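These notes are about the structure you will find just below.
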Amino acid sequence: MSEVRTRFAPSPTGFFHIGSARTALFNWLYARATGGTFVLRIEDTDKERNTQEFLDVILESMRWLGMDWDEGPQVGGDYGPYFQSQRSDFYKQKVRELMDKGRAYEKDGAIWFRLEGERETVYDDFLKKEYERVHAAPVIIDDIIRGRVERAEDRDFVIVRGNGEPVFHLVNVVDDIAMKITHVIRGEDHLSNTSKHVELYKAFGVEPPKFAHIPLILKTEGSGKMSKRDRGALIEEYQSRHFLPAAVRNFLCMLGWTPKDGREILPIEDIIAQFDLADVHQANARFDERKMAFFNQEYLRALPDESFAWLAAPVLGEAKVIDDKTDEDYLQKVLALCKPKMNALDTLPNFVGYFFTEDFPIDEKALAKQSKRGDPAARCRELVPALEAAADVAPATIDALFEKLGAENGVKPTDYFAPMRLAVSGQAGGPGLHELLELLGKERVLSRVKKFVEKFAK
RNA sequence: GCCCCUUUCGUCUAGCCCGGCCUAGGACACCUCGCUUUCACUGAGGCGACCAGGGUUCGAAUCCCUGAAGGGGCGCCA
């Protein structure tokens with residue numbers, strides 16, 4: 001076990017943002033890559049915004065993405081408690097320490113951190129008020145990802161609010177010291193505030209940890225970083241849409257980091273083996289939903305048939321496409337047929353619905369499109385007597401039948417494929433027609449084709 | 001307004017640290033053709049970028065400077 005200790009310190013707000021997930025992921029990856037320890041600490045200092053329910057969202061999402069923590073809620077550890085709401089006495093003690101050292105003072109009911117340096121009163125154009133500007137020596141941050149960053153803090157800042165609650169900057173640093181965190185890996189949005197944190201470390205007489213500020217995930221379109229209202233921004237969305245967690249995790253890894261071996265889709269063990277903080281990019285990445293979908297599709301296709309069936313059945317159950325009475329053997333056959341054509345589990349109910357009901361919709365667009373090139377209902381009408389006469393709907397039978405009908409009616413045999421598919425499935429695409437017909441069986445095929453003729457024949 | 005970070009195809013990126021192997025490679029998306037008597041998979045090809053301007057150098061995507069653009073921070077939010 002190495003000395004490396006990373007942490008993810010979320011604030012339970014009721015949702016798990018994709019950016020937070022990636023921050024957690026990089027912390028987790030680095031701990032795993034170095035044989036270190038990954039700590040989960042809950043920053044619930046803002047009591048009004050935190051509930052048990054909100055906490056569960058985070059813990060569940062972490063587990064879903066396969067990020068296990070070595071210390072933290074539910075698992076304990078030697079540096080607890082891991083909830084900031086349970087550490088107030090400790091914070092009070094550390095604030096006392098700063099006051100004793102003359103590095104903190106009370107003003108307007110709050111407690112402020114005192115910077116060292118010459119002071120002058122200045123008017124702030126941006127905040128539209130006067131403040132005491134401090135000419136403090138610049139702080140040097142030796143960032144693993146960004147290199148040397150120099151920044152001077154120029155005004156005292158609040159560390160304990162008027163209501164007695166400690167502020168993020170204070171508790172974050174105090175806890176990182178107490179929990180012996182060696183690497184602080186977080187979003188670039190914290191980079192500017194890092195000078196505050198380093199000032200605190202110095203005031204406590206502690207060597208700051210190594211910092212690594214990772215780039216942000218930007219909106220697909222428009223300006224700014226992903227916000228919770230953006231499509232694809234919340235991990236819950238992927239969960240409810242039945243994305244494969246390994247796919248989401250793999251995709252997240254590729255946003256801001258690339259493996260040396262050039263692969264994009266690779267097992268997490270291989271990612272861990274290659275991951276290094278120094279290789280994390282410096283520039284922000286724009287989120288691309290389509291590439292996320294591609295990763296998901298690749299993972300889905302790679303699934304063994306049993307695993308696919310195991311995942312698919314609940315999705316179909318939830319959508320009420322199947323129930324307890326559904327024949328298991330038939331279900332397995334349908335899933336085996338559809339698996340190679342699927343690109344996402346959330347489209348599955350729609351994709352296979354017609355296998356389980358006679359009451360399925362006909363895709364209007366597909367119908368309109370086909371009608372432009374021919375008359376699907378007419379082709380189907382020609383099919384009815386031929387199907388009635390046929391012994392079965394096996395591939396060879398169907399081929400012969402199309403051949404014969406094409407010659408009789410002056411059209412190509414292939415002209416029957418699309419209309420027939422539309423009649424029996426209501427869709428323009430799907431599994432191979434031959435297999436599809438055979439699985440449905442002659443009776444259902446015939447009745448569906450008849451029904452289609454009745455409904456759409458001119 | 002002040003401060004910090006960033007800048008290669010539409011998007012994710014390789015290359016950049018240690019200048020020539022870069023007529024800039026890959027992936028997603030898009031387009032074309034082939035395979036498949038349907039759908040899909042797949043195969044082959046195509047489209048498409050070094051932010052701009054100055055330097056340094058025999059030579060710059062790679063080094064330096066300036067500018068522009070994008071992002072972030074400046075809160076008794078985290």
Side-chain angles (χ1 to χ4, degrees), chain A residues 9-13 20 43-46 48-49 84 107-112 122-128 131 133 138 141 143 145-147 149-155 157-169 171-172 186-196 213 215-216 218 220-221 223-225 251 254-260 262-265 278 281-295 297-298 301 338 340-343 398-399 402-403 406 412-422 425 427-437:
Chain A
S11 187
T13 51
S20 305
E43 304 214 333
D44 52 352
T45 48
D46 187 353
E48 283 156 36
R49 286 169 54 185
Q84 291 188 330
K107 190 181 98 184
D108 306 331
I111 299 175
W112 298 66
V122 197
Y123 183 76
D124 186 318
D125 255 1
F126 180 72
L127 297 171
K128 303 292 176 206
Y131 75 100
R133 181 170 173 189
I141 303 153
D143 194 281
I145 295 167
R146 281 154 214 289
V149 178
E150 195 175 311
R151 189 171 188 279
E153 208 53 40
D154 71 347
R155 64 192 77 179
F157 53 91
V158 171
I159 51 175
V160 181
R161 292 194 269 267
N163 65 7
E165 282 178 26
V167 166
F168 162 75
H169 302 300
V171 297
N172 197 263
R186 48 162 45 156
E188 201 215 77
D189 47 346
H190 288 291
L191 185 56
S192 292
N193 282 144
T194 304
S195 41
K196 285 191 183 70
H213 286 92
L216 269 22
L218 270 28
T220 306
E221 278 163 2
S223 64
K225 55 180 176 176
F251 174 74
M254 298 304 125
L255 236 40
W257 177 79
T258 326
K260 290 258 186 268
R263 283 185 294 168
E264 280 192 315
I265 297 197
H281 308 155
Q282 305 185 26
N284 295 163
R286 216 169 262 280
F287 176 76
D288 185 357
E289 184 182 19
R290 290 173 304 185
K291 193 146 185 175
M292 170 77 260
F294 168 76
F295 272 67
Q297 175 184 303
E298 290 298 302
R301 296 246 166 90
C338 294
K341 312 282 175 175
M342 292 305 305
N343 44 35
I398 294 295
D399 283 344
F402 283 177
E403 199 70 46
K412 287 177 294 192
T414 43
D415 288 341
Y416 289 95
F417 273 89
M420 188 158 198
R421 177 187 288 285
L422 192 62
S425 76
Q427 301 182 14
L433 186 63
H434 288 132
E435 296 77 12
L436 162 62
L437 294 174

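Remember, predicted model here, so these are calculated numbers, not experimental data. Below, chains carry the letters A, B, ... as their sequence lines are ordered, and counting in each starts from 1.
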- Query: Distance between the C1' atoms of B/C18 and B/C65, in whole angstroms?
  - Reply: 22 Å
- Heavy-atom donor-acceptor pair, A/Asp288 side-chain to B/A27 base, under 3.5 Å: no
- Would you call the rings of A/Phe402 and A/Tyr416 parallel, tilted or perpendicular if under 30° counts as parallel and over 60° as perpendicular? parallel
- Query: So, does the side chain of A/Lys291 form a donor-acceptor pair with the base of B/A29 at under 3.5 Å?
  - Reply: no
- Base, sugar-phosphate, or nothing: which does A/Ala110 touch, judged by heavy atoms less than 4.0 Å apart? base
- Query: What interatomic distance, in whole Å, is found between P of B/A24 and the corresponding atom of B/U62?
  - Reply: 15 Å
- Can you measure from CZ (A/Arg146) to CD (A/Glu188) and round to the nearest 0.5 angstrom? 4.0 Å
- Task: Indicate whether OP1 or OP2 belonging to B/C5 is found under 4.0 Å from a side-chain N or O atom of A/Gln282.
- Result: no
- Side chains of A/Glu153 and A/Ser195, donor plus acceptor under 3.5 Å: yes
- Item | Side-chain-base donor-acceptor pair under 3.5 Å for A/Arg286 and B/U11 | no
- Item | Integer angstrom distance from the P of B/C12 to that of B/U8 | 8 Å
- Task: Select base, sugar-phosphate, or nothing to describe what A/Gly256 touches, counting heavy atoms under 4.0 Å on all strands.
- Result: sugar-phosphate
- Task: Assign A/Asp108 to base, sugar-phosphate, or nothing according to its heavy-atom contacts below 4.0 angstrom with the strands shown.
- Result: base
- Message: Given the structure, check if the side chain of A/Ser192 and the base of B/G72 hold any donor-acceptor pair shorter than 3.5 Å.
- Response: yes
- Sugar-phosphate, base or nothing in reach of A/Ala152, heavy atoms under 4.0 Å: nothing
- Would you kindly say whether A/His434 and A/Asp399 are connected by a side-chain donor-acceptor distance under 3.5 Å? yes
